[in-house]
Amino acid sequence: MPGTSRMPVSLRQSIDSVKRSRPRNPMQVLNLNVDLIRNIVFFLFLLRWTRRALWKLKGRGLFGTLFELFTDARRILYGYFLRLPGVRTKVRAQIDDALTKMQAKMIPAGQTRYLSLPKEGWTEEAVRKELEALATMDHTRWEDGYVSGAVYSGEDELLKLQTEAYGKFTVANPIHPDVFPGVRKMEAEVVAMVLSLFNAPPGAAGVSTSGGTESILMAILSARQKAYHERGVTEPEMIIPETAHTAFRKAAEYFNIKLHLVACPAPTYQVDTKRVARLINRNTIMLVGSAPNFPHGIIDDISALSKLALRKKIPLHVDCCLGSFLVPFLDKAGFDSQPFDFRLKGVTSISCDTHKYGFAPKGNSTVLYRTAELRSYQYFVDPSWSGGVYASPGIAGSRPGALIAACWASLMSVGEEGYLKSCTQIVGATKKLAEHIRSHPTLQQELEILGNPLVSVLAFQARGDLNIYDIADGMSSRGWHLNALQNPPAIHVAVTAPVAKNWERLAQDLEGVVEEEREKERVRQVEALKMGISGKTGKQKAAGDTAALYGVAGSLPNKSVVVDLARGFLDLLYKA
């Protein structure tokens, strides 16, 4: 017919063949589709776990992977062991006994307790009298420089100024910038001052937070959201030094991020950047370095991490919460330093506590970003709420404007010259204490400083047979409040302005305690010889309060006992 053409015989035969082979039963088609879907799902499952296994082998190596599997299995099995009826009862009794002792220390008997509202409000005089009694309760004398960290300045004149600033803005709330424009202005200026201190480039941005933990959480949230929106990462991973602040572990738990801990081996105790590089994969959302870290006061090799972050195009966060207003002044004060801030192109965010060596009241910190776009990833905006459009820069909604005012007053009062002077005094005292430990005949023989601390934190461990936790308890008995560490067992001192004035007394008491512990060890060796035990009997077992926690913690493959003890301690904080 006109306008048509005959179908080739070969094509017509192929179509007929397909028609003949097509299943006539719909169930056959359904079974075929189910099998196909099952095979696809299995293939994707196999691909997913094969890829994870290869990433694990690449990052940890064969022996490292096998060791991690062994450690995990050991921890799980030990957890089941602790749940056995007889074991569980014994462990519970030990925990309860430890908590009872803690409660006796934290909540002294005989105090008047107020468990409900008074029927009638107290007079101002009565309130002031009770406040004075609470302020003068028996406590470790931070005022005299006996406390590591905690209170970083404590100067009377600055405290008075902060109190006055707080009083002027007691009701202020930054969530209402139109109602409290002065608070908005002060907060923006505080962020700008800290950005300038860390050599931020044009276009950099930041926010103020309630403390270092929130600053770290916000930086990680920003990195997670950036990776999700820009790269489609739905299973985020983060690589941190094992000495990085525990807030990073908290963020990983809160935000469902897989965490890779990287060793910080002796003698430098800096993070091993080669191991960091091996752990990077397409799900990595952030690398982390400390300047300095909390346990040992060591500044990681931020330059190497920066180069790695640039090459892999991954955000790098520098935790400078503890270094805060000391590290930026090291060079000017004439001390050794290392690159750590935005001058390194790979650094994308920095956390800095203004309430540490910035001397602001507790509850003040900042998180800084290389660009405003990075900051925007931490914002929360809800345009559909029935209460109206809601937006907040971070976790908190309402915030105390009074704390911002007191922070601004602190920065403006101390100024650059004041912070340079405090850096000279505090870091100078830290170096004098370190030199004393290295040069004193007894201390240099029994103690070893970890790494090369450049700022205000000094950590040391025991060299010989003495147990460092007994030394910690000995210092506690002399009125000192120092920090006990684990992995490795050690003690650290965070030198503050009050401690800097009292470092010689600290050194003197440390000498006395070490001498006492050496004498105890000599007696123990003599007794061992009398019992027929020849040679050294190894590092003595500590028996004090510090060892009760850290000695047990270090020996357990499963930390559930320590976790239960810590949770009980947290409960005590709210026991009236």
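Around CZ of Arg275, the count of heavy atoms belonging to other residues, nucleotides or ligands within 6.0 Å does not exceed 12. The neighbour count for Arg567 CZ, taken as heavy atoms of other residues, nucleotides or ligands under 6.0 Å away, does not exceed 12. Residue Glu253 qualifies as open at atom CD: its count of foreign heavy atoms under 6.0 Å is 12 or below. Open room surrounds CG on Asp336; 12 or fewer heavy atoms of other groups in view lie less than 6.0 Å from it. For Lys362, the NZ atom is densely surrounded, since the number of other residues' heavy atoms within 6.0 Å is greater than 12. Within 6.0 Å of the CD atom in Glu189, the count of heavy atoms belonging to other residues, nucleotides or ligands exceeds 12. Shown here is Lys345, whose NZ atom has no more than 12 heavy atoms of other residues, nucleotides or ligands within 6.0 Å.
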Using the side chain to side chain contact (heavy atoms under 4.5 Å, CB included) rule, take Arg311 and Leu308 through it: C-alpha gap first, then chi angles, then the decisive distance, then the call.
CA-CA 5 Å; Arg311 189 167 73 247; Leu308 183 59; 3.2 Å; yes
Pair Arg343-Asp341, salt bridge (Lys or Arg N to Asp or Glu O under 4.0 Å): steps then yes or no:
CA-CA 5 Å; Arg343 286 172 290 186; Asp341 61 15; 3.0 Å; yes
Stepwise salt bridge (Lys or Arg N to Asp or Glu O under 4.0 Å) check, Lys421 with Glu155
CA-CA 14 Å; Lys421 180 180 178 181; Glu155 295 293 336; over 6 Å; no
Hey, mind stepping through Phe342 and Phe198 against ring pair (Phe, Tyr, Trp, His ring centres under 6.0 Å) and telling me if it holds?
CA-CA 6 Å; Phe342 285 117; Phe198 286 85; 7.6 Å; no
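Side chain of Asn293 to main chain of Ala244: no donor-acceptor pair is present (N/O by atom type, distance under 3.5 Å, no hydrogens or angles). In this structure, the side chain of Ser215 engages the main chain of Thr366 through a donor-acceptor pair within 3.5 Å. Looking at Gln508, its side chain never comes within 3.5 Å of a backbone N or O of Glu504 through a donor-acceptor pair. Side chain of Gln378 to main chain of Ala219: no donor-acceptor pair is present (N/O by atom type, distance under 3.5 Å, no hydrogens or angles). Although no hydrogens or angles enter the test, the distance criterion places a donor-acceptor pair under 3.5 Å between the side chain of Thr348 and the main chain of Leu316.
With a 4.5 Å cut-off on side-chain heavy atoms, Thr430 and Val499 do not count as touching. Using a 4.5 Å cut-off on side-chain heavy atoms (C-beta onward), Val207 and Arg375 make contact. No side-chain heavy atom of Thr496 sits less than 4.5 Å from a side-chain heavy atom of Ile426. When side chains are defined from C-beta on, Ile285 does not count as touching Glu237, because their heavy atoms never get closer than 4.5 Å. Side-chain contact between His317 and Phe248 is present, with at least one heavy-atom pair separated by less than 4.5 Å. Residues Ser208 and Val190 have side chains not in contact (no heavy-atom distance under 4.5 Å, counting atoms from C-beta outward). Looking only at side-chain heavy atoms (C-beta outward), Leu374 and Ser349 stay at 4.5 Å or farther from each other. Two residues are said to be in side-chain contact when any heavy atoms from C-beta on lie closer than 4.5 Å; Tyr228 and Pro236 fail this criterion.
Ring planes of Tyr357 and Tyr152: perpendicular class, angle over 60° (limits at 30 and 60°). Aromatic ring pairs are classed by plane angle as parallel below 30°, tilted from 30° to 60° and perpendicular above 60°; the pair His440 and His436 is tilted.
Aromatic ring centres of Phe294 and His492 lie closer together than 6.0 Å.
Side-chain polar atoms of Asp301 and Thr273 form no donor-acceptor pair below 3.5 angstrom.
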